[in-house]
Amino acid sequence: MAREAIDAAGDGFGDRLRLLCILLGVLAVVRGLTGGAYRYLLFRLSLRIDTELRMITYRHLSRLSFSFYDRSGSGDIISRANTDIRSIQILFAFAPMMGMAVLTFFLAFGLMLWIHVPLTFVALATLPVGTLVGNRFRNRFLPLSWIIQGRSAEVAGVVDENVNGTRVVKSFAAERAEIAKLSRAARRLQWASATSVDVRARYNPVLEALPRVAMGLVLLYGGWLAIDGQVTIGTLFAFGAYIIMLQLPFRMFGFIVMQSQRAAASAERIFQILDTPPEINSPVGARVLDRAEGRLTFDDVTFGYGRGTARSARPILDGFSMQILPGETVALVGPTGCGKSTVARLAARFYDAGGGAVRLAGGDVRDLDVESLRRNVVVVFDEPFLFSTSLRDNIAFGRPDAPLAEVIEAARIAQIHETVASLPAGYNSVVGERGYTLSGGQRQRIALARALLMDPGVLILDDALSAIDMGVEEAIAAALRRRRAGRTTLLIAHRLSTIALADRVVFTEDGRVTATGTHAELMATQARYVQVLADAEAREAETPRLAGAEVTAPEGSAP
């Protein structure tokens, strides 16, 4: 249409030229409106894909077993779930634009052939060179994309460890060493990023210059044709406009190649997560537990961490057998590394036994619905994790809809109610990152209250009272005894004050049970048991209390 308007202008400003100008104005408005709507819908769709992909990835991560997190760094997982998904989203946002540019390319090519065939082939003379350069660019950039994504994850991992472990870093005055570690990781990322910049600097100017070379050839040959009278000035102008349309794919090609290679590397890293099957699943037709009888049995259990060459050469548990009756409180005692915490993890089916069976209420835990199993077997770890939210939400984490009265009752049993009530905001007080605004003993009691609110059939305390002073510990034990109502309790402990709370003691060594009985019976008959307790008591006496320990924050004090 512009070609016709220019040719018509040579004959004067007539009705035809006026009509063509009006039509061009209308087309410009329509293109602006449709282009804006297209971009709005396109970016909205790409953001929706980004959100859905994040949710799919997070849902899968929530289903993956402990073994996956044992061998994966948190920084790498965060990088994949954020940076890599963002790379894919950017590709979805701009790739359709590239598709439209390619469609425009073929449309312009057809119109150019219809107007003048020789001039068309002159305009496309640089296309083979552009294709060759683009292929070489893509082949050079893909491996660099993998390296950049991996080293970005390495930097994220170092930062994540230092943020979460900042108290340890500062305690050992290791700031310089950690900064040096981050510097080395950042330099490796810098090298990969600088190399990718060098590759782009070599190839992108060539890809963008080729259409300009084509424009020069068209002007040279087309100008000669116009002088010779074989084409009109309007035709030459139209070819210039078509060359601009042909340039668009070339100008976007470098960016799309770079982003597509980065997105391909990111997609591969995302699919490595999505293709990892959960090792712990509820079987078809799994039995769903409501309130299970707390009979917990370990029948000749064998277990070792890791896989293949990474598996422990010697099993952590080897022929481990133990039975805990409903309503019984049992203390599991043994030297460091004998598998006490492993027993807790197998009971809640964080891992599956390699041999033998773990049974709850007479049924193999592998035949039970996993979610219902973990509602009935609740483990309180020695290092409690609190979320950066209110104390009420932390206690009600397993039962978000629990009434405040039940939250308070759980806190009373855990001997933390008076401490929380003394705060200005009470149960609405927000704790800091990981709960570090609380003392060690207060965090443990919040974690205990969180477990008690679940009212599990089996409660496992994995050294979960280690930062609580003996007086508070005895009060907790008394409250638990009054309200246990058939609840089975397994105490994994080394403190005499904790062991004394148990009805029975199971002594384990070398991955198996070697003795069982009351504390007094084992003290009188098992020299090794006496030695283990003596060693534990000596270690505790030698280890100074941390600043956040319970002795510095007695009941009723504000955090």
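The figures that follow rest on heavy atoms only: side chains count, while hydrogens, waters and symmetry mates do not.
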Quiz prompt | Residues Asp463 and Arg495 bridged, charged N to O under 4.0 Å | solution = no
Closest non-hydrogen atom pair between [X] and [Y], with its separation:
| X | Y | result |
| --- | --- | --- |
| His519 | Leu496 | CE1-CD2, 3.6 Å |
| Ser87 | Ser266 | CB-OG, 3.4 Å |
| Arg366 | Pro283 | O-CG, 3.3 Å |
| Ser65 | Pro278 | OG-C, 3.9 Å |
| Ala347 | Ile460 | CB-CD1, 3.7 Å |
| Leu325 | Thr488 | O-OG1, 3.3 Å |

Exercise. Could you go through the salt bridge (charged side-chain N to carboxylate O under 4.0 Å, His left out) check for Lys340 and Asp462 one step at a time?
Key: CA-CA 8 Å; Lys340 301 187 297 295; Asp462 186 1; over 6 Å; no
Test item: [X] side-chain N/O and [Y] main-chain N/O as donor-acceptor pair under 3.5 Å:
| X | Y | result |
| --- | --- | --- |
| Thr195 | Trp191 | yes |
| Glu521 | Thr518 | yes |
| Thr516 | Val506 | no |
| Thr276 | Gln272 | yes |

Quiz item: Do the side-chain N and O atoms of Glu509 and Thr514 include a donor-acceptor pair separated by under 3.5 angstrom?
Solution: no
What I'd like to find out is whether the side chain of [X] reaches to under 4.5 Å of the side chain of [Y], using heavy atoms alone.
| X | Y | answer |
| --- | --- | --- |
| Thr329 | Leu491 | yes |
| Val378 | Arg450 | no |
| Leu182 | Val155 | yes |
| Leu465 | Val380 | no |
| Leu391 | Leu438 | yes |
| Leu404 | Arg392 | yes |
| Ile85 | Thr57 | yes |
| Leu53 | Asp50 | no |

Just wondering, more than 12 heavy atoms not from [X] lying within 6.0 Å of its [atom1]?
| X | atom1 | result |
| --- | --- | --- |
| Tyr58 | OH | no |
| Tyr529 | OH | yes |
| Glu371 | CD | no |
| Asp275 | CG | yes |

If you measure from [atom1] on [X] to [atom2] on [Y], what distance do you get to the nearest 0.5 Å?
| X | Y | atom1 | atom2 | answer |
| --- | --- | --- | --- | --- |
| Leu533 | Arg528 | CG | CZ | 10.5 Å |
| Ile468 | Arg443 | CD1 | CZ | 11.5 Å |
| Arg269 | Asp84 | CZ | CG | 4.0 Å |
| Ser282 | Arg349 | OG | CZ | 7.0 Å |
| Asn394 | Thr389 | CG | OG1 | 6.0 Å |
| Leu360 | Ile324 | CG | CD1 | 10.5 Å |

Self-check item: CA sep, side-chain torsions, deciding dist, call: Phe397, Leu453, side-chain contact (heavy atoms from CB on, under 4.5 Å)
Solution: CA-CA 9 Å; Phe397 181 74; Leu453 188 63; over 6 Å; no
Exercise. Could you walk me through whether Phe303 and Phe320 pass the ring-ring contact (aromatic ring centres under 6.0 Å, His included) test, one step at a time?
Key: CA-CA 9 Å; Phe303 178 80; Phe320 183 91; over 10 Å; no
Self-check item: From CA spacing to verdict: side-chain contact (heavy atoms from CB on, under 4.5 Å), Asp510, Asp318
Solution: CA-CA 8 Å; Asp510 297 327; Asp318 187 9; over 6 Å; no
Quiz item: Could you walk me through whether Gln442 and Val420 pass the side-chain contact (heavy atoms from CB on, under 4.5 Å) check?
Solution: CA-CA 10 Å; Gln442 289 168 340; Val420 176; over 6 Å; no
Quiz item: Do Leu296 and Gln323 pass the side-chain contact (heavy atoms from CB on, under 4.5 Å) test, and can you show the C-alpha distance, the side-chain angles, and the key distance before you say yes or no?
Solution: CA-CA 6 Å; Leu296 183 62; Gln323 184 178 72; over 6 Å; no
Exercise. Give me the ring orientation class for Tyr351 and Tyr305: parallel if the planes are under 30° apart, tilted from 30 to 60°, perpendicular past 60°.
Key: perpendicular
Exercise. On the 0 to 90° scale, with breaks at 30° and 60°, tag the Phe66-Phe350 ring pair as parallel, tilted or perpendicular.
Key: parallel
Quiz item: Checking salt bridge (charged side-chain N to carboxylate O under 4.0 Å, His left out) for the pair Arg359/Asp299: CA distance, chi angles, key distance, verdict?
Solution: CA-CA 8 Å; Arg359 295 186 174 87; Asp299 187 4; 3.0 Å; yes
